[in-house]
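Down below is the structure, laid out as structure tokens.
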There are 2 protein chains.
Amino acid sequence: MNYTPQKLREKLHDAGLSATNQRLALGELIFGRGNRHLSAEQLRKEAAAAHIPVSLATIYNTLRQFSGAGLLREVVVEPGRSYFDTNLSEHHHFFHEDEGRLEDISADRLSINNLPPAPNGTDIRRVDVIIRVAREDAQRDVI
Amino acid sequence: MNYTPQKLREKLHDAGLSATNQRLALGELIFGRGNRHLSAEQLRKEAAAAHIPVSLATIYNTLRQFSGAGLLREVVVEPGRSYFDTNLSEHHHFFHEDEGRLEDISADRLSINNLPPAPNGTDIRRVDVIIRVAREDAQRDVI
DNA sequence: GTACGTGCAAACGTTTTGCAGCGGG
DNA sequence: CCCGCTGCAAAACGTTTGCACGTAC
């Protein structure tokens with residue numbers, strides 16, 4: 001957890017984002033606790049628990065801005081809900097379908113053999129590998 | 001395109017679904033045109049264009065039932081929208097971020113080197129590989 | 001005939017927006 | 001001081017649901 005409040009100000013500044021009270025407070029929640037997979041709703045609850053006065057609109061703005069600035073990585077696994085991953089290193093995910101929970105897979109535990117080239121005129125932006133798992137005794141097709 | 005209306009009745013029957021007019025008509029749209037990646041909204045438009053009287057609720061019911069029965073495969077790439085893939089063979093996807101379009105990658109063009117074992121007590125349900133691409137000149141982080 | 005499927009409209013949860021006011025640089 | 005950020009409430013979006021009617025078998 002290489003994080004200090006000081007670093008957060010730099011982080012925001014380097015990303016071209018001004019250091020508002022909300023962004024500093026939310027940034028402390030987001031980045032101050034190691035690698036996390038946050039949904040907007042989770043972050044809202046944590047902010048409330050930490051007595052940070054912040055509106056839901058600002059939660060969404062902040063998550064989107066942080067993602068756009070490369071401070072977070074958005075992961076889409078379920079229709080109708082986004083997760084934001086603080087782990088920016090190359091890695092992949094288990095998704096526990098029955099819990100709605102993500103789990104990191106470090107890049108050295110999984111590699112892709114022969115990545116096909118991007119279609120003409122396009123660049124590869126990201127490669128997401130999602131291994132969907134569920135309890136052994138659960139029904140299939142649970143999503 | 002190995003498809004005939006006759007086969008569709010069998011398909012539905014084998015899946016334990018009764019052959020209603022709506023399911024037959026939608027099935028013809030879904031399966032009668034080769035491999036496709038359909039959203040609910042697209043299917044609704046095509047049904048309207050084909051003068052199939054069907055409500056939006058039935059579109060969603062049908063897509064969900066077909067998926068549950070293993071006739072379709074749901075692919076989640078964007079928050080707030082599901083795609084349904086008629087290609088049931090093992091394969092992966094390019095996702096064109098700026099067009100919101102999926103493109104198949106056949107399994108033999110990409111393979112995973114060393115799949116990690118599922119976490120204790122869980123089974124792997126599916127492995128999704130999504131290669132996100134965008135026009136070369138487009139902004140990064142477009143989603 | 002009966003259980004299951006359908007249509008409609010209203011509800012749902014998540015995310016986005018419009019606009020007035022506040023605060024960072 | 002000014003531009004950008006924030007809060008609020010309301011709207012938008014895709015999707016789901018409850019219930020009365022219709023249809024497959």
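Since the model is a prediction, treat every value here as computed from it, not as a measurement. Atom set for the values below is all heavy atoms of this structure, side chains included, hydrogens, waters and symmetry mates excluded.
- The interatomic distance linking B:Leu63 (CG) with D:dT16 (P) rounds to 10 Å, in whole Å.
- A donor-acceptor contact closer than 3.5 angstrom is absent between the side chains of A:Glu74 and A:Ser67.
- To the nearest angstrom, P of D:dT15 lies 9 Å from CD of B:Glu41.
- The heavy-atom pair separating A:Ile124 from A:Ala118 by the smallest distance is CG1-CB, 3.8 Å.
- For A:Glu99, the CD atom is densely surrounded, since the number of other residues' heavy atoms within 6.0 Å is greater than 12.
- Rounded to an integer number of Å, the gap from A:Gln42 CD to C:dT15 P is 12 Å.
- No salt bridge links A:Glu78 with A:Arg132; every basic N to acidic carboxylate O contact stays at or beyond 4.0 Å.
- Checking the phosphate oxygens (OP1, OP2) of C:dT16, a side-chain nitrogen or oxygen of A:Arg64 falls inside 4.0 Å.
- In this model, the phosphate group of D:dT15 is approached by a side-chain N or O of B:Tyr60 to a distance below 4.0 Å at OP1 or OP2.
- Ring orientation note: the planes of B:His37 and B:His93 are nearly perpendicular, at an angle over 60° on the 30°/60° scale.
- Side-chain contact check for A:Thr62 and A:Gln65: no donor-acceptor pair (N or O, by modelled atom type) lies under 3.5 Å.
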Tabulate protein N/O versus nucleotide N/O from nucleotides 8-13 of chain C, keeping only pairs under 3.5 Å, one per line.
none

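- Environment of CZ in B:Arg9: sparse, with no more than 12 heavy atoms of neighbouring residues, nucleotides or ligands closer than 6.0 Å.
- Rounded to whole Å, the distance from CD1 on B:Ile59 to P on D:dT17 is 17 Å.
- Sorted by residue number, the members of residues 14-23 of chain B with any non-hydrogen atom under 4.0 Å from DNA chain C read B:Ser18, B:Thr20, B:Gln22, B:Arg23.
- Minimum heavy-atom separation, B:Arg125 to A:Glu136: NH2-O, 4.2 Å.
- A:Ser82 comes within contact range of the sugar-phosphate backbone alone, with a heavy-atom separation under 4.0 Å but no base atom that close.
- Taking atom CG of residue A:Asn61 and atom C1' of nucleotide C:dG18, one finds them 12 Å apart after rounding to whole Å.
- With rounding to whole Å, A:Arg44 atom CZ is found 9 Å from C:dT14 atom P.
- Annotation for A:Asn35 and A:Thr86: closest pair CA-OG1, 3.2 Å, computed over non-hydrogen atoms.
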**Request:** State the dot-bracket string of DNA chain C. Criteria: Watson-Crick or G-U wobble, both atom distances under 3.5 angstrom; notation: ( ) intrastrand, [ ] crossing earlier pairs, | interstrand, . unpaired.
**Result:** |||||||||||||||||||||||||
